[in-house]
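Here is the structure we will look at.
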Protein chains: 4
Amino acid sequence: MRVSDKHQKITQAAIKVFARKGFFNARISDIAKEAKVADGTIYLYFNNKYDILISLFEEEIGKIILKTKLLLEKETHPVEMLMLFAKQHLNLLKEHRELVVVLQMELRQSNEFIQEYRNTKFVEYIDIVSEIIHKGQDEGVFRAEIMPGIIKRAYFGALDEMTRLWILSPQPHYTLDEAAVQICDVFLNGIVIK
Amino acid sequence: MRVSDKHQKITQAAIKVFARKGFFNARISDIAKEAKVADGTIYLYFNNKYDILISLFEEEIGKIILKTKLLLEKETHPVEMLMLFAKQHLNLLKEHRELVVVLQMELRQSNEFIQEYRNTKFVEYIDIVSEIIHKGQDEGVFRAEIMPGIIKRAYFGALDEMTRLWILSPQPHYTLDEAAVQICDVFLNGIVIK
Amino acid sequence: MRVSDKHQKITQAAIKVFARKGFFNARISDIAKEAKVADGTIYLYFNNKYDILISLFEEEIGKIILKTKLLLEKETHPVEMLMLFAKQHLNLLKEHRELVVVLQMELRQSNEFIQEYRNTKFVEYIDIVSEIIHKGQDEGVFRAEIMPGIIKRAYFGALDEMTRLWILSPQPHYTLDEAAVQICDVFLNGIVIK
Amino acid sequence: MRVSDKHQKITQAAIKVFARKGFFNARISDIAKEAKVADGTIYLYFNNKYDILISLFEEEIGKIILKTKLLLEKETHPVEMLMLFAKQHLNLLKEHRELVVVLQMELRQSNEFIQEYRNTKFVEYIDIVSEIIHKGQDEGVFRAEIMPGIIKRAYFGALDEMTRLWILSPQPHYTLDEAAVQICDVFLNGIVIK
DNA sequence: GATGAATGAGCTTTCATTCAT
DNA sequence: GATGAATGAAAGCTCATTCAT
């Protein structure tokens with residue numbers, strides 16, 4: 001058995017348990033049980049409970065960034081790229097619901113270490129948006145007075161809030177696609193040169 | 001000393017402590033110390049630790065909603081109203097930094113009880129936005145195809161993400177006003193009829 | 001209002017509360033509520049929680065001893081007297097159920113102070129039995145080889161165990177009178193000279 | 001170390017501590033210290049403080065019942081059997097003083113859970129007496145009008161009260177054997193057919 | 001005397017982490 | 001590497017008692 005197998009099993013178990021119970025209410029023994037390993041085994045792969053959250057975050061967000069960038073390579077038009085980003089972001093919920101819950105909820109702790117970490121990795125993800133905006137401005141498609149550093153966050157925040165809505169309401173009023181279309185509509189309308 | 005004094009003192013102390021250490025890492029004795037009361041005194045005013053968070057949330061968000069609505073009464077034009085909402089939301093940070101941290105962080109965590117509670121009161125706040133959008137559509141200022149139920153969340157989410165940035169980075173690249181202006185610019189451009 | 005009124009009210013309230021919840025699970029505030037006085041008022045009449053139990057015990061057992069002795073004055077024959085004692089003892093349950101529960105249960109704590117107290121007062125009560133046995137032996141009715149110091153306890157213990165049965169089982173198989181008759185029958189048969 | 005070792009160590013420690021301080025005044029840390037384990041270890045073997053008392057009771061009374069029944073198998077005459085029961089009951093004090101204190105004191109207190117539990121196992125013990133009485137009646141040795149259901153309790157109560165005396169007075173006036181002989185004398189005299 | 005808000009010591013229980021096997 | 005029994009620090013909460021009013 002490769003070392004990474006156990007590591008993976010524990011990470012995946014932690015995602016499930018953190019999503020279900022929250023970081024603080026999750027017990028190491030819950031994760032161990034879910035991963036079908038002994039409690040002590042977890043400490044062969046992680047330094048402590050926080051480390052599991054941090055590692056999980058680092059690895060999974062890395063995968064998402066990679067996947068998103070690959071997807072965007074197929075597009076060249078900034079407008080289409082922003083729409084693709086939105087769809088991809090909202091679609092995470094379908095395929096990785098538990099992970100999204102963890103990213104949404106548990107990474108909001110007012111714990112300096114977590115926040116520092118969250119920021120570093122998130123910036124990489126959000127910067128995908130600012131790069132698209134820059135590209136759009138360079139190509140004369142987006143308004144020059146738009147500040148990518150602000151709008152990348154606004155765009156991400158808007159999508160993120162929609163995600164939160166779906167996580168919390170089991171019976172949402174809107175579909176993911178409707179939301180994606182609406183949000184892109186407003187943002188694009190707001191930033192393109194007409 | 002009026003009864004409400006102790007209640008107030010504990011609430012304000014809890015905001016400080018929760019903002020500093022997070023809900024789970026905050027100890028009752030921390031709050032008691034900060035409020036300059038005995039540990040047991042807290043239980044004369046609150047049922048348990050959660051109850052402090054819930055009460056705090058209910059009271060403070062109530063004040064914010066009231067204040068925001070009062071402020072908006074002075075405006076009649078939907079565009080101005082949305083801009084006022086944005087400024088007011090971002091300004092909360094200046095006057096009530098610790099409270100905003102608690103609302104941002106601790107009330108987003110995946111505790112069912114908190115989430116359920118949070119939802120009802122939060123909806124009231126966010127609905128201020130959708131009401132403005134409705135009004136704008138009725139007056140023929142905003143595009144009819146905009147769905148207020150989605151855009152209210154997108155708008156709030158965008159502002160909220162900016163707030164988070166300021167909470168986490170002590171030295172932000174942008175001022176609050178810059179951000180407010182930019183976000184309003186994009187959104188309004190995106191939703192007004194030209 | 002006489003001082004003793006408050007004292008009485010608290011004592012009676014304590015009997016009810018101790019019977020219902022047990023000494024340790026009873027709170028001073030429960031007793032205060034039941035007695036319709038403030039918590040602090042209790043400390044004007046009693047030194048502490050144990051003191052309530054002790055006082056209650058001393059006063060109530062005193063009343064019982066007095067009542068029992070008065071009743072026995074009407075009888076002269078040792079056999080009849082023992083039977084009367086038994087009936088009287090078992091009858092306490094009917095008229096003072098809560099008090100009997102407290103005496104039965106709460107005075108069994110392995111608390112030296114309580115036990116010492118219990119012993120002193122109880123001896124006075126149980127000695128009523130040994131005095132009757134002595135009298136019976138002097139009159140040639142009871143066997144001389146019977147040791148009153150042992151049999152008084154056996155007799156009391158037998159009756160006491162029946163009491164416990166009624167306290168614990170809401171639907172007992174036997175009536176109080178049946179039990180009294182049976183126990184007297186056996187004991188008297190066992191100690192009289194035939 | 002076998003699992004049962006820790007369980008046994010904790011049980012025996014609990015008996016000592018409960019006997020010394022009483023159930024409510026005994027702290028978990030007292031038991032842990034006495035058992036030479038960590039506080040938390042206790043919770044690997046017991047659910048809570050009550051559970052220790054209940055388990056202890058179940059196990060120990062079970063042993064006593066077994067031992068008593070084995071002992072009685074050697075006798076066939078009802079009179080001898082009752083005498084043997086009495087001796088055995090009073091002898092428990094010599095060999096298991098602390099356990100007897102717990103059974104006498106702590107398990108008589110008005111906790112509903114304990115009472116309910118106590119009843120079932122205790123009945124099994126006391127029923128040893130009623131079975132002997134039945135046997136004696138069947139064999140025409142004991143009077144037919146004796147009600148075993150009542151007299152079993154009277155007999156037990158008489159012995160139990162003697163036990164209490166020895167627990168409380170370090171310097172008793174009578175020996176255990178004297179007491180056993182006297183009580184059996186009276187009871188047997190009272191129930192045999194002459 | 002009477003009140004009841006305030007106190008804070010005290011205790012059960014949990015659970016992240018360790019380490020002997 | 002893997003285990004899981006054992007650890008013990010830590011904290012939420014209770015409640016007898018006090019004392020200013």
Side-chain angles (χ1 to χ4, degrees), chain A residues 1-3 5-7 10 23-33 35-52, chain B residues 1-3 5-7 10 24-33 35-52, chain C residues 1-3 5-6 10 24-33 35-52, chain D residues 1-3 5-7 10 24-33 35-52:
Chain A
M1 185 188 280
R2 284 175 302 134
V3 166
D5 272 357
K6 279 270 165 71
H7 186 99
I10 295 167
F23 177 78
F24 283 102
N25 291 318
R27 281 167 293 163
I28 290 291
S29 62
D30 291 331
I31 299 172
K33 205 175 176 183
K36 285 170 189 156
V37 298
D39 290 22
T41 305
I42 290 179
Y43 288 86
L44 298 174
Y45 296 91
F46 300 90
N47 296 321
N48 52 46
K49 201 180 165 189
Y50 266 121
D51 190 36
I52 303 175
Chain B
M1 185 185 280
R2 285 174 303 131
V3 165
D5 273 357
K6 281 271 164 68
H7 187 99
I10 295 167
F24 282 101
N25 290 319
R27 280 168 290 152
I28 289 293
S29 61
D30 292 332
I31 299 172
K33 206 173 177 182
K36 285 172 189 153
V37 297
D39 290 23
T41 304
I42 290 179
Y43 290 87
L44 296 176
Y45 296 92
F46 300 90
N47 296 321
N48 51 47
K49 203 180 160 188
Y50 266 129
D51 192 35
I52 304 176
Chain C
M1 186 188 280
R2 284 174 303 133
V3 167
D5 272 359
K6 279 269 166 71
I10 294 168
F24 282 102
N25 291 318
R27 280 167 295 165
I28 290 291
S29 61
D30 292 331
I31 299 172
K33 206 175 177 184
K36 284 170 188 156
V37 298
D39 291 22
T41 305
I42 290 179
Y43 288 85
L44 298 174
Y45 297 92
F46 300 90
N47 296 322
N48 52 48
K49 201 180 166 188
Y50 265 122
D51 190 36
I52 304 175
Chain D
M1 187 185 280
R2 285 173 304 131
V3 165
D5 273 356
K6 281 271 163 69
H7 187 98
I10 295 167
F24 283 101
N25 290 320
R27 280 169 290 153
I28 290 292
S29 60
D30 291 332
I31 299 172
K33 206 173 177 184
K36 285 172 188 153
V37 298
D39 290 22
T41 304
I42 290 179
Y43 289 87
L44 296 176
Y45 296 92
F46 301 90
N47 296 322
N48 51 46
K49 202 180 160 188
Y50 267 129
D51 192 36
I52 304 175

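Note that this is a predicted model, so its numbers are computed, not measured. Scope of the values below: all heavy atoms of this structure, side chains included, with no hydrogens, waters or symmetry mates. Every chain is numbered from 1 and lettered A, B, ... according to where its sequence line falls, protein lines coming before strand lines.
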Using the 3.5 Å cut-off, write out each protein N or O paired with an N or O of nucleotides 10-12 of chain F and the distance between them.
| unit_1 | atom_1 | unit_2 | atom_2 | d |
| --- | --- | --- | --- | --- |
| F:dG12 | OP1 | B:Ala26 | O | 3.3 |
| F:dG12 | OP1 | B:Lys49 | NZ | 3.4 |
| F:dG12 | OP2 | B:Ile28 | N | 2.8 |

Classify the ring geometry between A:Phe24 and B:Phe24 as parallel (under 30°), tilted (30 to 60°) or perpendicular (over 60°).
parallel
Of the non-hydrogen atoms in [X] and [Y], which two are nearest, and what is the gap between them?
X: A:Ile31; Y: A:Ile42; answer: CG2-CD1, 4.0 Å
X: A:Asn47; Y: A:Asp51; answer: N-OD2, 2.9 Å
X: D:Ile10; Y: D:Thr41; answer: CD1-O, 4.4 Å

Using atom [atom1] of [X] as one end and atom [atom2] of [N] as the other, report the distance to the nearest whole Å.
X: C:Ile52; N: F:dC15; atom1: CD1; atom2: P; answer: 15 Å
X: A:His7; N: F:dA2; atom1: NE2; atom2: P; answer: 13 Å
X: B:Asp5; N: E:dA5; atom1: CG; atom2: C1'; answer: 14 Å
X: C:Leu44; N: F:dC19; atom1: CG; atom2: C1'; answer: 11 Å
X: C:Tyr45; N: F:dT17; atom1: OH; atom2: P; answer: 18 Å
X: D:Asp51; N: E:dT14; atom1: CG; atom2: P; answer: 12 Å
X: A:Lys36; N: F:dA2; atom1: NZ; atom2: C1'; answer: 17 Å

Nearest to the C:Ala38 side chain among E:dT3, F:dG8, F:dA2, which nucleotide is it?
E:dT3
Name the closest nucleotide to the B:Thr41 side chain, picking from F:dT3, E:dA2, E:dT7.
E:dT7
Whichever of D:Gly40 and A:Ile42 has the more 5' nearest nucleotide on DNA chain F, that residue is A:Ile42
Under a cut-off of 3.5 Å for both distances of each Watson-Crick or G-U pair, what dot-bracket string does DNA chain F give, using [ ] for crossing pairs and | for inter-strand pairs?
.||||||||||||||||||||
Residues in side chain to side chain contact (heavy atoms under 4.5 Å, CB included) contact with B:Tyr43, at least two apart in sequence or another chain
B:Ile28
When you measure from the side chain of A:Lys6 to the backbone of A:Ala35, do you find a donor-acceptor pair of N or O atoms at a distance under 3.5 Å?
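No, because the side chain of A:Lys6 does not come within donor-acceptor range (under 3.5 Å) of the backbone of A:Ala35.
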In Å, rounded to the nearest 0.5 Å, how long is the span from CD1 of A:Ile52 to NE2 of A:His7?
9.5 Å
Can you tell me if the side-chain N/O atoms of A:Lys6 get under 4.0 Å from OP1 or OP2 in F:dG1?
no
